[in-house]
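After the structure tokens below, expect a handful of questions from me.
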There are 2 protein chains.
Amino acid sequence: MALWIQILPGSSEPIYVQVAEQISKAIARGELASGDKLPAVRKLAAELVINPNTVARAYSRLEQAGLVTTKTGSGTYVSDPKLRRHDAADINILTDRMDTLITRGLNLGLEEQDIIAMFKGRLAKFVNKKAERRKND
Amino acid sequence: MALWIQILPGSSEPIYVQVAEQISKAIARGELASGDKLPAVRKLAAELVINPNTVARAYSRLEQAGLVTTKTGSGTYVSDPKLRRHDAADINILTDRMDTLITRGLNLGLEEQDIIAMFKGRLAKFVNKKAERRKND
DNA sequence: ACAATTGTATTAAGACTTTTAATACATTAT
DNA sequence: ATAATGTATTAAAAGTCTTAATACAATTGT
């Protein structure tokens with residue numbers, strides 16, 4: 001299992017956000033499962049040729065989101081999905097982001113059905129990857 | 001028709017993004033239709049108690065997205081939806097954002113059906129508002 | 001016990017972005 | 001003409017992002 005994380009130099013997204021986001025996606029796709037260990041802060045920093053502080057910030061962000069738990073001296077591990085909680089605030093943020101996304105789609109001239117079809121298509125890829133992974137375990 | 005735009009002081013989003021985003025949503029919902037005139041740069045700046053440059057930057061962003069056209073000396077107007085084009089790059093950005101959104105939802109512990117239902121619900125509100133507006137015209 | 005590895009914290013500096021401010025200019029409307 | 005429009009420029013203040021160089025605390029492996 002090599003390293004999938006790739007930082008885009010031209011992106012307006014801060015590096016620590018890019019790293020956290022890509023790890024989040026790996027978790028959502030099931031490529032990283034509960035208990036899996038993330039690369040050590042210094043090791044990942046060396047591979048990506050960025051500062052260890054930047055990786056630490058990404059990990060801190062993941063921990064705040066409840067996706068990983070860290071044990072100083074041991075490492076950073078993907079947390080148990082069953083323990084992940086969401087409250088009303090989380091849902092509000094999610095629906096706000098949905099509205100932003102829908103705004104973009106409609107203003108690009110896309111039709112309601114097209115947008116839904118696209119969304120379902122993307123979502124299916126996540127779930128399929130998870131199913132494949134369960135099969136191979 | 002008073003002013004709907006509200007800037008959140010605590011937000012990490014730049015003010016010019018907040019302004020552009022809210023106008024985009026108004027257009028997507030049909031609250032602003034083709035030909036409608038946006039508030040003058042200086043006027044909106046005065047109402048929001050921000051710098052005119054910041055509003056100008058928001059308008060510039062909307063023009064770059066093809067949502068408005070500006071005529072110096074006259075004003076800024078919502079452009080014709082039929083003229084709005086999208087290319088492959090636009091779709092790529094949209095699907096990337098969808099993936100980010102889906103990642104959030106799944107990692108909050110939401111089920112596939114819940115996420116789709118939420119998304120459809122939000123989208124329906126946009127389309128319904130447009131339908132209502134057509135009725136009242 | 002010891003050494004290596006882990007995450008964390010601090011301080012500093014440079015680069016970049018955001019916002020305000022103060023003008024000035026060009027075009028359009030009245 | 002006069003007023004109102006969008007645009008452009010220059011400057012400064014405040015904040016964010018990233019790197020750098022350390023140092024500390026806790027765990028792991030021997």
To the nearest angstrom, how far is A:Arg61 atom CZ from C:dT8 atom P? 15 Å

Separation of B:Gln64 atom CD from D:dG6 atom C1', in whole Å? 16 Å

Can you check each nucleotide of nucleotides 19-30 of chain C against protein heavy atoms at under 4.0 Å and return B for base, S for sugar-phosphate only, - for none, in 5' to 3' order? BBBB-B-BBB--

How close do A:Tyr16 and A:Arg61 get, heavy atom to heavy atom, and via which atoms? CE1-NE, 3.6 Å

A:Glu112 side chain vs B:Leu123 backbone, donor-acceptor pair below 3.5 Å: no

Rounded interatomic separation in angstrom, taking NZ from A:Lys43 and P from D:dT28: 17 Å

Check: A:Leu67 main-chain N/O paired with B:Asn107 side-chain donor or acceptor under 3.5 Å: no

Reckon A:Ser60 touches a base, only the sugar-phosphate, or nothing at all at heavy-atom distances under 4.0 Å? nothing

Rounded to whole angstroms, how far apart are OH on A:Tyr59 and P on C:dA9? 16 Å

Atom-to-atom span, NZ of A:Lys37 to P of C:dT5 - whole angstrom: 12 Å

Protein-nucleotide distance (A:Leu38, atom CG; C:dG7, atom P), rounded to Å: 9 Å

Residue pair A:Lys120 / B:Lys120, side-chain heavy-atom distance below 4.5 Å: yes

Hey, is the side chain of B:Thr70 poking within less than 4.0 Å of OP1 or OP2 on D:dT7, counting only N and O atoms? yes

If only atom types and distance count, is the side chain of B:Thr103 paired as donor or acceptor with the main-chain N or O of A:Ala28 below 3.5 Å? no

Distance-only, no hydrogens or angles: does the A:Lys71 side chain make a donor-acceptor pair with backbone N or O of A:Tyr77 under 3.5 Å? no

Could you state the CG-C1' distance from B:Leu44 to D:dA4, rounded to the nearest angstrom? 16 Å

